[in-house]
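Below you'll find the structure, written out as structure tokens, and then a few comments.
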Amino acid sequence: MPELPEVETVRAGLARHVLGRTVTAVDVRGPRTARRQAGGAADVVGRLTGRTLTAAVRRGKFCWLLLDEPDDALLVHLGMSGQLRVRPPASPDEPPGTHLRARLSLDDGSALDFVDQRTFGYLAVPELVPTPDGAPGGLGSDLAAVPAPVAHIARDLLDPALDRAALAAALRRRRTQVKRALLDQTLVSGVGNIYADEGLWRARLHGARPTDSLRPVEAARVLDETAAVLRAALAAGGTSFDALYVDVDGGSGWFERELAVYGREGLPCPRCGTPVRREAFANRSSYSCPRCQPRPRVR
DNA sequence: ACCGGTCCCTGTTAGC
DNA sequence: TGCTAACAGGGACCGG
């Protein structure tokens, strides 16, 4: 699934391949692709055609390409199955796949394809708004602005401008469970179900721990360990994935080799050998070690 | 302001 | 074998 490491891999690929290119034509298909744009697909096409792509930026799981006027951007969210693929100039003219949602034709004959099976992803061309703290809006640009739909998204764990101490304090002020807090993109962004479980395992915390019961050292530890998981996944993604291809079926080498608990019900905990347990969590699943991560007492 | 539940969607897989 | 149901997931949205 495209979470922070996968989206960052995509961003870096875009930075290498499409910056400086001008959009010569835009084809948007499917009723959901432009659903976040007030004017719909026609508005996306109108705002994008003829523009030049000047920077590739990311915050959390949101990625955007700055356009040649510094007041808007092409915003992309990959949802749970989205891909951005660069088609080189003069590449074989294959028929568009059933899941092709948009194609940007570029002035060197290449194309940027947005492919999305489950349609949770979307494209939009929103206005930019200033960041409250005046710091750069995301990784990949010094511009102190973000697309309007990203304004409420917190900085992510790999953001150089993140205030880690303030985040740990904010985490402890929440009145919820620690896993819910890790997944709350308005508190800290980029963490999904997989990396939340892996970070909690590394920090030896159960996801149901009330945030206001975390000791300061525990709050710092779960943030540090989750950041470490993200960095390790990013490093693996950089080596095992093709330039702009992230395998949404999860078949990458990193997932096979490095995941400690996620998706591993019944398999031994890498630390103590106890079989990994699976529990229902918010209409999905949580994986943890029963011994390393004891369930907190109900308060 | 904060918190938790629901819904959006479709391909794959498990179970009957 | 063929069908149905569960499952995967992020975030907008809404009610409390």
Do the side chains of A:L139 and A:R59 get nearer than 4.5 Å, heavy atoms only? no
Could you state the atom-to-atom distance from CZ of A:R118 to P of B:dC9 in whole Å? 14 Å
Rounded interatomic separation in angstrom, taking CG from A:L183 and P from C:dG10: 7 Å
Please determine which of A:D184, A:L182, A:V178, A:T176 meets the side chain to side chain contact (heavy atoms under 4.5 Å, CB included) test together with A:R180. A:T176
In this structure, how many angstroms lie between the C1' atom of B:dT10 and the CG atom of A:L100, rounded? 17 Å
Could you walk me through whether A:S288 and A:R277 satisfy the side chain to side chain donor-acceptor pair (under 3.5 Å) test, starting with their C-alpha distance in whole Å, then the side-chain angles of each, then the deciding distance to 0.1 Å, before giving a yes or no? CA-CA 6 Å; A:S288 60; A:R277 84 183 142 202; 2.8 Å; yes
N/O (side chain, A:H77) to phosphate O (OP1/OP2, C:dG10) under 4.0 Å: no
Closest non-hydrogen contact found for A:K179 with A:S286 is NZ-OG, 2.7 Å
Atom CD of A:E265 and atom C1' of C:dC7: how far apart are they, to the nearest Å? 13 Å
Whole-Å distance separating the CZ atom of A:F281 from the P atom of C:dA8: 12 Å
Mapping A:T98 and A:R173 to their closest nucleotides on DNA chain B, which lands nearer the 5' end? A:R173
For atom CG of A:L78 and atom P of C:dG10, their distance in whole Å: 12 Å
Shortest non-hydrogen contact from A:L123 to A:V44? O-CG2, 4.4 Å
Output yes when a side-chain donor or acceptor of A:T211 lies under 3.5 Å from a complementary backbone atom of A:R174, and no otherwise. yes
Distances under 3.5 Å between nitrogen or oxygen atoms of protein and nucleotides 12-16 of chain C:
| residue | atom | partner | partner atom | Å |
| --- | --- | --- | --- | --- |
| C:dA12 | OP2 | A:H152 | NE2 | 2.9 |
| C:dA12 | O3' | A:R36 | NH1 | 3.1 |

Between A:L53 and A:L67, is there a side-chain heavy-atom distance shorter than 4.5 Å? yes
In whole angstroms, the gap separating P of B:dA14 from CZ of A:R278 amounts to 11 Å
Think A:S285 has a side-chain N or O under 4.0 angstrom from the OP1 or OP2 of C:dC7? no
Please report the end-to-end axis angle for the helix from B:dC2-C:dG16 to B:dC16-C:dG2, five pairs per end, rounded to 10 degrees. 50°
Polar pairs (N or O, both sides) under 3.5 Å between protein and nucleotides 4-8 of chain B?
| residue | atom | partner | partner atom | Å |
| --- | --- | --- | --- | --- |
| B:dG4 | OP1 | A:T176 | OG1 | 3.4 |
| B:dG4 | OP2 | A:T176 | OG1 | 2.6 |
| B:dG5 | OP2 | A:R180 | NH2 | 3.2 |
| B:dC8 | O3' | A:R32 | NH1 | 3.2 |

Name the one of A:F120, A:Y122, A:F114 that satisfies side chain to side chain contact (heavy atoms under 4.5 Å, CB included) with A:L78? A:F114
Does one side chain, of A:T24 or A:D107, offer a donor that lies under 3.5 Å from an acceptor on the other? no
Should A:D27 and A:R29 count as an ion pair when the cut-off is N to O under 4.0 Å? yes
For A:Q117 and B:dT13, what is the distance between atoms CD and P respectively, to the nearest whole Å? 11 Å
Minimal heavy-atom distance between A:L158 and A:R231, with the atoms involved, is CD2-CG, 3.6 Å
With a 4.0 Å cut-off on heavy atoms, is A:R35 in touch with a base, just the backbone sugar-phosphate, or nothing at all? nothing
Tell me the closest heavy-atom pair linking A:L75 and A:P147, and the distance in Å. CD1-CG, 4.1 Å
